[in-house]
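One structure below.
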Amino acid sequence: MIFLETPGPPSIDPVAARRWHSLLVQPTAWLHEEVGRRMEERLNWIKLEPQAWLHVEPLHGGMQMHDVLRQRYKDAQYFMDIVNKKHREFASKLIAKPWWSPVRWKPSVPVMADAADETGPTESGFQMVWANMALHMSAQPQALIARWHQALAVDGFLMFSCLGPDSLKELRPLYKTCGWGEPSHAFTDMHDWGDMLVAQGFAEPVLDMERITLTYETPERLLQDLRGLGRNLSTSRFNALRGRVWHQKLKQALYHLADPADNGRLKLTFEVIYGHALKPARKLAVQPRLSLSLEDMRQALKTGRLPNPAKDRP
């Protein structure tokens with residue numbers, strides 16, 4: 001597996017990321033469900049009908065969208081990739097079928113020990129991996145992308161979304177003026193995600209972005225929404241607990257986000273990146289010396305890949 005020299009995003013604290021992934025946030029944030037709905041519309045461009053698909057962390061990505069995808073692919077098997085054991089149990093109860101149904105929920109891949117362990121399972125043969133709003137909260141995004149690549153069958157595809165660098169652009173100058181550091185970790189640019197996809201073996205990545213503006217009547221409502229969307233995982237964040245006095249100062253400062261053109265509602269911008277990419281067949285590797293039988297040569301010319309003695313021989 002190939003890894004870029006810069007692991008990125010470098011501003012995420014892995015301990016804070018692991019803590020966030022252990023939290024059970026319900027219901028799923030409205031923005032995550034909305035982004036999932038818009039991502040689902042992009043499936044109209046893809047002709048492949050998956051026979052089995054994998055939903056990555058659906059409690060964060062959207063349980064409503066899980067039902068939408070189940071309806072879209074009624075004849076397909078669906079699986080969930082959920083790291084935390086309590087989250088798996090909770091999700092299984094949400095989508096549990098009657099006891100007489102032959103299709104029961106079960107973990108799709110070997111369960112990881114914790115969210116910090118993002119090494120991948122062996123190839124599992126899914127035709128689609130669905131990962132909504134997950135990448136920007138990972139301390140090891142390249143390992144996560146490699147994991148999704150392993151889970152896909154050849155010619156399967158990845159559908160993902162995440163936040164881009166213009167997200168929370170109203171909060172950053174506000175925090176800087178107040179001397180509070182960064183309000184969140186840095187978000188990775190769309191083009192960098194494309195490079196990472198290619199580095200991990202994906203082909204034909206297509207990425208686009210849009211900006212979604214949310215408005216709020218009060219600072220309390222804005223902060224409530226932000227807590228549902230995630231946490232500040234920045235390595236340079238304040239390293240202790242904030243007090244009540246600071247909390248009051250924060251709520252007062254948030255009134256600077258008021259938009260006079262929208263009846264003084266507080267405004268926040270989110271840059272959302274959408275992407276999909278294919279898993280191609282493995283290309284023939286160029287080696288200094290390679291010995292093939294005539295039958296192996298015929299098979300290689302037919303399939304475009306070298307035979308694997310461990311798998312192809314009885």
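Sequence positions, counted from 1, serve as the residue numbers for this chain. On a predicted model such as this, the values are computed, not experimentally measured, just so you know.
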Inter-residue atom distance L207.CG - L197.CG, 0.5 Å rounding: 6.0 Å
- line: Output for pair (R147 CZ, L152 CG), nearest 0.5 Å, gives 11.5 Å
task: Might you work through the side-chain contact (heavy atoms from CB on, under 4.5 Å) test for L43 and Y73, ending with a clear yes or no?
output: CA-CA 11 Å; L43 289 174; Y73 301 119; 3.6 Å; yes
- prompt: Side-chain heavy atoms under 4.5 angstrom apart, residues restricted to Ile, Leu, Val, Met, Phe, Trp, Tyr: same cluster for I145 and V206?
  reply: no
- prompt: Under 4.5 Å between side-chain heavy atoms, hopping through other hydrophobics if needed: is there a path connecting M63 to L24?
  reply: yes
query: Would you call the rings of F187 and H136 parallel, tilted or perpendicular if under 30° counts as parallel and over 60° as perpendicular?
result: perpendicular
- prompt: Hey, does the side chain of E182 reach the backbone of S234 with a donor-acceptor pair shorter than 3.5 angstrom?
  reply: no
- prompt: Is it the case that one hydrophobic cluster holds both L278 and L48, taking links as side-chain heavy atoms less than 4.5 Å apart, direct or via other members?
  reply: yes
- request: Sequence neighbours left out, what passes side-chain hydrogen bond (donor to acceptor under 3.5 Å, both in side chains) with T213? Give chain and number order.
  value: none
message: Does Q64 have more than 12 heavy atoms from other residues, nucleotides or ligands lying within 6.0 Å of its CD?
response: no
message: I need the minimum non-hydrogen distance between P58 and I82, along with the two atoms involved.
response: CD-CG1, 3.6 Å
query: Under 3.5 Å, is there a donor-acceptor pair between the side chain of S138 and the main chain of L135?
result: no
field: Heavy-atom pair with the smallest gap, counting every atom of A52 and A76
entry: N-CB, 4.4 Å
message: Tell me which pairs pass salt bridge (charged side-chain N to carboxylate O under 4.0 Å, His left out) where either residue lies in residues 43-56, with sequence neighbours left out.
response: none
- line: Output for pair (T215 OG1, E217 CD), nearest 0.5 Å, gives 8.5 Å
message: Using every non-hydrogen atom in the two residues, find where Q200 and A146 come nearest and quote the distance to one decimal.
response: OE1-CB, 3.5 Å
- request: Answer yes or no: is there a side-chain heavy-atom contact under 4.5 Å between K279 and F157?
  value: no
task: Look up atom CD1 in I273 and atom CZ in F160, then write down how far apart they are to the nearest 0.5 Å.
output: 7.5 Å
message: Could you report the tightest heavy-atom contact between V198 and P205, atom names first, then the distance?
response: CG2-CG, 3.8 Å
Sequence neighbours left out, cut at 3.5 Å: what donor-acceptor pairs do the side chains of residues 241-261 make with other protein atoms?
| unit_1 | atom_1 | unit_2 | atom_2 | d |
| --- | --- | --- | --- | --- |
| K251 | NZ | E220 | OE2 | 3.4 |
| H256 | ND1 | A253 | O | 2.9 |
| D259 | OD1 | A261 | N | 3.0 |

Under 3.5 Å, which donor-acceptor pairs do the side chains of residues 161-169 form with other protein atoms, sequence neighbours left out?
| unit_1 | atom_1 | unit_2 | atom_2 | d |
| --- | --- | --- | --- | --- |
| S161 | OG | N132 | OD1 | 2.4 |
| S161 | OG | M133 | N | 3.1 |
| D166 | OD2 | R211 | NE | 3.1 |
| D166 | OD2 | R211 | NH2 | 2.6 |
| S167 | OG | G164 | O | 2.9 |
| S167 | OG | E271 | N | 3.0 |
| S167 | OG | E271 | O | 3.2 |

R38 NZ/CZ over Y274 ring centroid, <6.0 Å and within 45° of normal: no
message: Classify the ring geometry of W53 against H66: parallel below 30°, tilted from 30° to 60°, perpendicular beyond 60°.
response: tilted
- prompt: So, do Q140 and P14 sit near enough that their side-chain heavy atoms are less than 4.5 Å apart?
  reply: no
message: Would you say that more than 12 heavy atoms from the other residues, nucleotides or ligands in this model lie under 6.0 Å from the CD of E210, or not?
response: yes
task: Apply the test side-chain contact (heavy atoms from CB on, under 4.5 Å) to residues L268 and L222: give CA-CA distance (whole Å), side-chain angles for both, the deciding distance (0.1 Å), then the verdict.
output: CA-CA 9 Å; L268 271 184; L222 183 150; 3.9 Å; yes
- request: Go through the steps for T269 and E170 under the test side-chain contact (heavy atoms from CB on, under 4.5 Å), then give the verdict.
  value: CA-CA 7 Å; T269 299; E170 296 86 358; 2.5 Å; yes
- request: Give the intermediate values and the outcome of side-chain contact (heavy atoms from CB on, under 4.5 Å) for residues M80 and R88.
  value: CA-CA 8 Å; M80 292 187 175; R88 291 197 302 273; over 6 Å; no
field: Exceeds 12 heavy-atom contacts within 6.0 angstrom, atom CD of Q26
entry: yes
field: N44 side chain vs E41 backbone, donor-acceptor pair below 3.5 Å
entry: yes
task: Would you mind reporting whether M39 and W130 have side-chain heavy atoms less than 4.5 Å apart?
output: yes
- request: Under the ring-ring contact (aromatic ring centres under 6.0 Å, His included) rule, collect the residues that match up with H32, sequence neighbours excluded.
  value: none
task: Locate the shortest heavy-atom distance separating H191 from D189; write the atom from each residue and the value.
output: N-OD2, 2.9 Å
task: Using atom types as modelled and distance alone, determine if a side-chain donor or acceptor of N84 lies under 3.5 Å from a backbone N or O of H87.
output: yes
Min side-chain heavy-atom separation I212-L31 under 4.5 Å: yes
task: Specify the closest pair of heavy atoms between W148 and F202, including all atoms of both residues, with the distance to one decimal.
output: C-CZ, 4.3 Å
query: For the side chain of Q127 and the backbone of G125, is there at least one donor-acceptor N/O pair under 3.5 Å apart?
result: yes
- prompt: Is a side-chain donor or acceptor of H21 paired with a backbone partner of M137 at a separation under 3.5 angstrom?
  reply: yes
- prompt: Say you draw a straight line from CE of M128 to NE2 of H55; how long is it, rounded to the nearest 0.5 Å?
  reply: 8.5 Å
- prompt: Do the side chains of K267 and D262 get nearer than 4.5 Å, heavy atoms only?
  reply: no
task: Would you check if the side chain of T28 reaches a backbone N or O of L59 as a donor-acceptor pair within less than 3.5 Å?
output: yes
query: Should the pair E40-R72 be classified as a salt bridge under the 4.0 Å nitrogen-to-oxygen rule?
result: yes
task: Could you give me the CA-CA distance, side-chain angles and deciding distance for S184 and R231, then say whether side-chain hydrogen bond (donor to acceptor under 3.5 Å, both in side chains) is met?
output: CA-CA 7 Å; S184 75; R231 294 293 188 273; over 6 Å; no
message: Can you list everything that forms a ring-ring contact (aromatic ring centres under 6.0 Å, His included) with F270? Sequence neighbours excluded, please.
response: none
